[in-house]
Amino acid sequence: MGLKILEEHKPQSLSQKSHFTGCKSTAEWLLAQKAARPQVGIVCGSGLGGLGEMLKDQVVFKYEDIPSFPQSTVLGHTGQLVFGMLEGKPCVCMQGRFHLYEGHPVQKTTLPMRIFKLLGVKTVILTNAAGGLNEDYKVGDIMIIKDHINMPGFAGVNPLAGKNDERFGVRFPCMSDAYDRDLRQLAQDVGEELGYKDFLREGVYCVLGGPSYETIAECRMLHRLGADAVGMSTVHEVIVARHCGMRVFALSLITNKAVMDYNSEEKANHEEVLQTGKQRAEQLEKLVSSMVSRIKHN
Ligand SMILES: O=P(O)(O)O[C@H]1O[C@H](CO)[C@@H](O)[C@H]1O
Ligand SMILES: Nc1nc2[nH]cnc2c(=O)[nH]1
C-alpha cells in the first residue's frame with residue numbers, strides 16, 4: 001500500500017523524546033492507519049519473507065514510511081511491515097529485520113519488539129537462517145530454538161544496557177525461560193502431524209556480530225561450547241521481547257553446514273542461504289501458520 005504521510009502527522013523522531021514515548025507514538029501512528037491490533041508478531045529471517053504473504057486482508061507499510069523505523073539493507077529482507085489475519089488471528093509480520101553488522105546500534109535492531117509490545121502483541125515468532133554446527137544436522141533442517149548463547153553480550157553488547165525503563169520491564173530480566181516451553185511443545189506436535197519429524201530439531205542458537213562468516217576454528221569452538229547453530233540475529237530481539245513480557249518462539253532454518261574441516265572445499269555464502277530458504281519456505285510457512293491457528297491468548 002503506498003501510504004502518503006503528511007509531514008505534520010509524522011511523530012517526532014525517537015531521539016527527540018523519550019524512547020518509550022517515541023515507541024508509543026510509532027505504535028499509535030500504525031494503528032491510526034487502520035492496522036488491526038495484532039496478537040502475534042512474526043519476524044522473517046533471510047529469504048523467509050514469504051511468511052508475510054500468508055496474511056489475509058493486508059495493510060502494508062514500507063519501513064521508510066514508518067516514523068522512527070530503521071531501514072533494511074540486506075538482500076532477502078524486503079523491508080516492510082505487514083498487518084493482516086493469519087488463521088483468523090490478527091498478526092503483524094516484519095519482512096526484514098535489522099542486524100548489528102548493518103551498522104545499527106543494538107537498541108535500534110530491537111526497536112520493533114517494543115513497538116510490537118505497544119501494538120498489543122502477546123506472542124512473538126522469530127525465524128532465521130543459520131549455519132548448522134551440530135554434525136547431525138543437515139541443510140534444510142528446521143531447528144526449534146530452546147536456548148541461546150549471546151556472544152556479543154559477553155563483550156557488553158546487550159540491547160538492555162543503559163538506563164532501564166520500568167514501563168518496559170525490570171532491570172535484570174531472567175533468560176532461563178526465554179523460549180516458551182509450551183510453544184516449543186506445540187511446534188513438536190504440529191511438526192509431527194505435518195510429517196516433519198525427519199527434519200525437525202531442537203537446539204541452541206549462538207549469535208555473533210557478523211557480517212563475516214565463521215572461521216573453522218570459530219565453528220569448532222562454538223560447537224564445543226554447546227551451540228547447535230550459528231547466526232547473526234534473533235537473540236537481541238528475544239532479550240527485548242522477554243524483557244517486556246511477550247512470549248517467544250523462535251526457529252532456525254539450517255541453510256548451510258558450518259565448515260569444521262580444514263580439508264573441506266565448502267564455503268559459507270549468502271546465495272546458498274537464500275536458496276535453502278526458498279526450498280524450505282513452504283514447510284516453514286505451514287509450521288508457523290499451523291502453530292498460530294492453535295495459539296491461545298486470554
Ligand atoms: O538471521 P537472518 O536475518 O535470518 O540472516 C542470516 O543470514 C545472513 C547471512 O547469510 C545473516 O544476516 C544471518 O543472520
Ligand atoms: N554467522 C552465520 N550466519 C549464518 N546465517 C546463515 N548461515 C550462517 C552461518 O553459517 N553463519
Side-chain angles (χ1 to χ4, degrees), residues 41-52 63 70-80 93-104 106 108-110 112-113 124-135 137-145 148-152 157 201 203-223 225 227-239 241 248-261 264 266-281 284-285 288:
I42 300 170
V43 181
C44 302
S46 285
L48 302 172
L51 279 165
Y63 289 170
Q71 303 307 310
S72 274
T73 65
V74 185
L75 196 64
H77 292 261
T78 313
Q80 41 185 39
C93 180
M94 286 180 72
Q95 286 180 317
R97 63 145 57 88
F98 311 112
H99 307 84
L100 280 177
Y101 63 77
E102 292 173 85
H104 303 296
V106 66
K108 196 103 183 170
T109 65
T110 56
M113 293 303 106
V124 182
I125 298 178
L126 301 120
T127 64
N128 66 51
L133 295 162
N134 185 319
E135 60 269 20
Y137 287 9
K138 296 184 295 298
V139 170
D141 283 355
I142 295 174
M143 183 185 88
I144 298 163
I145 302 182
H148 70 226
I149 299 174
N150 177 16
M151 207 49 104
V157 180
R201 316 281 189 166
V204 176
Y205 175 86
C206 177
V207 62
L208 300 183
S212 48
Y213 292 109
E214 297 67 44
T215 64
I216 293 170
E218 286 165 347
C219 289
R220 290 178 170 195
M221 179 194 81
L222 296 176
H223 181 43
L225 289 179
D228 296 296
V230 58
M232 308 171 197
S233 72
T234 308
V235 167
H236 301 121
E237 296 155 330
V238 171
I239 291 171
V248 165
F249 174 76
L251 49 83
S252 293
L253 175 63
I254 305 301
T255 51
N256 55 291
K257 270 183 89 85
V259 181
M260 302 277 207
D261 178 356
S264 171
E266 283 178 45
K267 293 183 206 287
N269 64 89
H270 195 55
E271 291 67 40
E272 183 187 7
V273 168
L274 297 180
Q275 188 57 33
T276 312
K278 260 190 211 148
Q279 285 159 2
R280 267 284 186 252
L284 201 124
E285 287 160 20
V288 171

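We count ligands from 1, going down the list as the structure has it; atoms in each ligand are counted the same way. None of the values given here were measured: they were computed from a predicted structure.
Of all the heavy atoms of A130, the ones lying under 4.0 Å from any atom of ligand 2 belong exclusively to the backbone. Contact annotation for V273 and ligand 1: only side-chain heavy atoms (C-beta onward) come within less than 4.0 Å of the ligand. Under 4.0 Å from ligand 2, not a single heavy atom of N128 appears.
Listed for the D228 side chain is a donor-acceptor partner under 3.5 Å among the backbone atoms of V204. No donor-acceptor pair closer than 3.5 Å links the side chain of N134 to the backbone N or O of G132. No side-chain donor-acceptor contact under 3.5 Å links T127 to the backbone of L251.
Residue H99 places at least one N or O, backbone or side chain, under 3.5 Å from an N or O of ligand 1. Looking at ligand 1, you'll find an N or O of H270 within less than 3.5 Å of one of its N or O atoms. For a threshold of 3.5 Å applied to N or O pairs, the pair formed by Y205 and ligand 1 contains no separation below that value. When only interatomic distances are considered, the shortest N/O to N/O separation between Y213 and ligand 1 falls below 3.5 Å. The shortest N or O to N or O distance between A129 and ligand 1 is under 3.5 Å.
L284 places a side-chain heavy atom less than 4.5 Å from the side chain of I142. Side-chain atoms of V259 and K267, non-hydrogen and from C-beta on, never get closer than 4.5 Å to each other. Under the 4.5 Å side-chain criterion, counting only non-hydrogen atoms from C-beta, L51 is not in contact with V43. Between L225 and C206, the closest side-chain pair of non-hydrogen atoms is not below 4.5 Å. Between S233 and Y205, the closest side-chain pair of non-hydrogen atoms falls below 4.5 Å. Residues N128 and L253 have side chains not in contact (no heavy-atom distance under 4.5 Å, counting atoms from C-beta outward). Annotation: side chain of V230 is not in contact with side chain of Y213 (no heavy-atom distance under 4.5 Å). R97 is listed as a side-chain neighbour of T234, based on a closest heavy-atom distance under 4.5 Å.
Looking only at protein heavy atoms, the nearest one to atom 8 (C) of ligand 2 is G131 N, 3.4 Å. Here the protein heavy atom with the shortest distance to atom 5 (N) of ligand 2 is A129 O, 3.3 Å. When only non-hydrogen protein atoms are considered, atom 7 (O) of ligand 1 lies nearest to S46 OG, 3.2 Å. Atom 12 (O) of ligand 1 has Y101 OH, 2.6 Å as its closest protein atom, hydrogens excluded (heavy atom only). Nearest protein heavy-atom neighbour of atom 3 (N) of ligand 2: G231 CA, 3.3 Å. In terms of protein heavy atoms, atom 7 (N) of ligand 2 is closest to N256 OD1, 2.6 Å. In this structure, the protein non-hydrogen atom closest to atom 1 (O) of ligand 1 is S233 OG, 2.5 Å. Looking only at heavy atoms of the protein, atom 1 (N) of ligand 2 is closest to E214 OE2, 2.6 Å.
Atoms of ligand 1 lying under 4.0 Å from at least one heavy atom of R97, given by number and element, are 1 (O), 2 (P), 3 (O), 4 (O). Of all atoms in ligand 2, numbered sequentially from 1 with element shown, those under 4.0 Å from a heavy atom of T255 are 6 (C), 7 (N). Annotation for ligand 1: atoms under 4.0 Å from non-hydrogen atoms of G45 are 4 (O). Against a heavy-atom cut-off of under 4.0 Å, N128 is close to the following atoms of ligand 1: 1 (O), 4 (O). When each atom of ligand 2 is checked for a heavy atom of V273 under 4.0 Å away, the hits are 6 (C), 7 (N). Close contacts of ligand 2 with M232, meaning ligand atoms under 4.0 Å from a residue heavy atom, involve 1 (N), 2 (C), 3 (N).
Under a 4.0 Å heavy-atom criterion, V230 is in contact with ligand 2.
The distance between the ring centers of F98 and H104 falls below 6.0 angstrom.
Counting only N and O atoms by type, the side chains of T73 and E102 include a donor and acceptor under 3.5 Å apart.
Crowding of Q279 atom CD: a count of heavy atoms from other residues, nucleotides or ligands under 6.0 Å exceeding 12.
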